Amino acid sequence: MDFRLSDEQEMLRKGLDKFLATRYGLDRSRAAAKTGAGWQPDVWRAFADDLGILGAALPERVGGSGGGPVEVMVIAESLGHALVVEPYVNTAVVAAGLLLRAGGQAATKVVELIAVGQAVVSLAAAEEQSGDRWLDIATTAHRDGAGWALSGAKMMVLDAPIATHLLITARTENGLSPFLVDVTAVERGLEMHAFRTVDDRRAADLVLDDLRLPHDALLGQEGQAWPSLAQARDEGAAAVCAEAVGAMRRVVADTVDYAKQRHQFGQPIGSFQALQHRMVDMHMELEQSVAAVYLATLNLGADPATRARAVSAAKATVGRAARFVGQNAVQLHGGMGMTEELAIGHYFKRLTAVQYEYGTTDHHVTRYAQLTRR
Amino acid sequence: MDLLWSPADIAFRDEVRHFLDEKLTPELRQFGRLMTSVYSDHEASLEWQRILHDRGWAAPAWPVEYGGCDWSLTQHYVFSRESTLAGAPSLSPMGIRMVAHAIVKFGTAAQKDYFLPRILTGEVFFCQGYSEPEAGSDLAALSMSAVEDGEDLICTGSKIWTTHAREANWMFALVRTSRSAKKQQGITFVLLEMTSPGVDVRPLVMTSGEEIQTQVFFDEVRVPKTNVIGQIGDGWTVAKYLLEFERGGGASAPALQVMAEEVTAAATAQPGPDGDRLIDDPAFSRKLAEARIRTDVLEVLEYRVLATLENGGHPGSASSMLKILSTELSQTLTELAMEAAGPRGRAYQPHATRPGGPVAHYQPPPDGYVGGEPWQAVAPLRYLNDRAGSIYAGSNEIQRNILAKAALGL
């Protein structure tokens, strides 16, 4: 029973926090997110070159530092605290995990690129009729000579507009598999409709019309991808929970500060008991989320059922907390909480979005119920 | 960072399990399982205390020289966790877990010699005299007077919510020896014998019908000054020291896990609104899952406080948070047990339970008939009694006040 970070993990956290405090101001990052490419490629390169966070949790054989889930937790929490939009979790945790487990030359090469900051990899899993059920998809892959041909449509593919590679899930006659797509090598068959999300990230809907891919685009053993996808989803959920904890720490601290400074009726509004108790409830939701992230993170290496139960407990807890903390932070900031003038409005939007990523709160409560039912 | 017990802790856990397997009889387990509140049947509790005392485990948190155990905090947690999971009756917190610590810290040699061994054996059984009709959350507003008269204090007034006052032969009480501008001053911590002339105990019938709580009246009760703990007028210092023990985090997650398992088992056996099993009803299943998730998370929070303490750190205001979370969660689980009990949840059958005290105005059926399962008889009584969780030991509103100040600086 040990909740302390190692010296190396502490250094990682401190280095990243210091970098973000000096290089990742909210004004600048929102401006970058809302205009142009929608992200800061120089920050991404610094993540790799100066901080080494993109490979921190990857094995040494692909150029990483050999860390694991705790490193991911530390990094994601710091990124969440600074409201970083660059796609650490989606690329360096979820996609990298899928690629590593699939193995093979093409996949390994892309993981090496991730570690050095030269690849952004976006997972295209959800579809219009499947909603969030990654297993229940209609996109197909057929053998086409030596290669593959994919047809179908994907929606809400996060980071796709800035991605160097896509991981597209499709059905072959043998089941579900992800296919690796080098975006720069695609000549035709891929339509991308790009847009911004409410929380200032980039995403796209994809139309695949006989998209031709080389034979080694298929990752892993054909049709056997679900256990790996389920693991990726759990790893993504755990990381997003840590990110939300970082964001909630900032939001609770900002709200308490605001309540101390803002005067009405001749006294700080933080002196009113109704508001004090609300902030205590926010604090307790945050503390439960911290514990929930430990629960998920420290069980990611367990058997699939134990892992799933811990991750669902965490995502359900953090989803509930993100909603409560976000909404009440806005409420306690009054009208100013509804504007983009203060940090709170931006954080509120992210805390809303995380409730839906890697399984909704409801999905995880239901999955937890199934796992604990007799 | 990990959530694993050390090999030494696992070995200790196995030792405790072995002991419980051997000594915790089915009858005693039954008393634990059919409890209707946090209070065990008095006799069962004392019997278990004697068994623990034989093993040297009745008061593990005491200093070793007085009969405690040389355990790490983790071992204390493990012992408490295993005892709860096995369904052991709870021991009265008032003697072993509370006043004894005050005696150890502030008592004279004579007080230690007399009381500590007798608390261990159960020969001296304490109740707590803190709250008064006009001093609840605002404890320092207490007014029961104690007037010095030679070698004695003469006490007059009333205490309320006194658990097991009829079973107890001693009370530790806060009394007012003087009044000053600051109400925390002039309070004295005394030990008084319940058989003293002028003590009158009147049971309070709770909504469950049980008479566990009482109001105690004092009419010029003489208490020798040798029974004062600490200094006359400085009782608040002693009380504050003890409050730390009462509110100290401890192991509440295991008890909640047992409750959640019981509700799950019950809902598996009971019909749901659509004829299927209740556990398959989406509305019920969701509520149960949410409660179980909170329990899983609370367990990690407790482990974190434990790890902080083991590493020599201060958990700060975490004990207030754990008190709020565990009592609110317990109340939720009693609601779910009520729902799982179905129509039977409205039947009043205390004779099928093991309440912590006598039940007033109740005649069990002559043939001992019990409708449904014993847990269905327990469910409504627990639901009623568990409302106390958010009221006792510093109401949850008081705990939120504490957190606002201590955790948020408001």
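Keep in mind it's a predicted model, so treat the numbers as computed, not measured. When reading the values below, keep in mind they use all heavy atoms of this one structure, side chains included, and skip hydrogens, waters and symmetry mates.
Contact residues of residues 295-311 of chain A toward chain B are A:Leu295, A:Leu298, A:Asn299, A:Arg309 (heavy-atom distance under 4.5 Å). At a heavy-atom separation below 4.5 angstrom, chain A is approached by B:Ile279, B:Asp280, B:Ser285, B:Arg286, B:Ala289, B:Glu290 within residues 278-290 of chain B.
The shortest non-hydrogen separation linking A:Met284 to B:Ile324 is CE-CG2, 3.8 Å. The two residues A:Thr372 and B:Thr264 make their nearest non-hydrogen contact at O-CG2, 4.1 Å.
Ranked by heavy-atom pairs under 4.5 Å with chain A, the first of B:Leu3, B:Leu403, B:Thr268, B:Leu4 is B:Leu3. Between chain A and the options B:Arg304, B:Glu299, B:Met321, heavy-atom pairs under 4.5 Å are most frequent for B:Arg304.
Looking at B:Ala265, both its backbone and its side chain come within 4.5 Å of chain A, counting heavy atoms on both sides. Residue B:Glu328: no heavy atom, backbone or side chain, is found under 4.5 Å from chain A. Contact annotation for A:Val70: only side-chain heavy atoms (C-beta onward) come within less than 4.5 Å of a heavy atom of chain B. Residue B:Leu306: no heavy atom, backbone or side chain, is found under 4.5 Å from chain A.
In this structure, the side chain of A:Asp2 does not engage the main chain of B:Met1 through any donor-acceptor pair within 3.5 Å.
Side chains of B:Glu310 and A:Met1 form no contact here, defined as non-hydrogen atoms less than 4.5 Å apart. Two residues are said to be in side-chain contact when any heavy atoms from C-beta on lie closer than 4.5 Å; B:Arg400 and A:His283 fail this criterion. Inter-residue side-chain proximity for B:Val300 and A:Phe3 is flagged as met; some heavy-atom pair is nearer than 4.5 Å. With a 4.5 Å cut-off on side-chain heavy atoms, A:Thr317 and B:Arg294 do not count as touching.
Under 3.5 Å, the side chains of B:Asn401 and A:Gln276 contain no donor-acceptor pair of N or O atoms.
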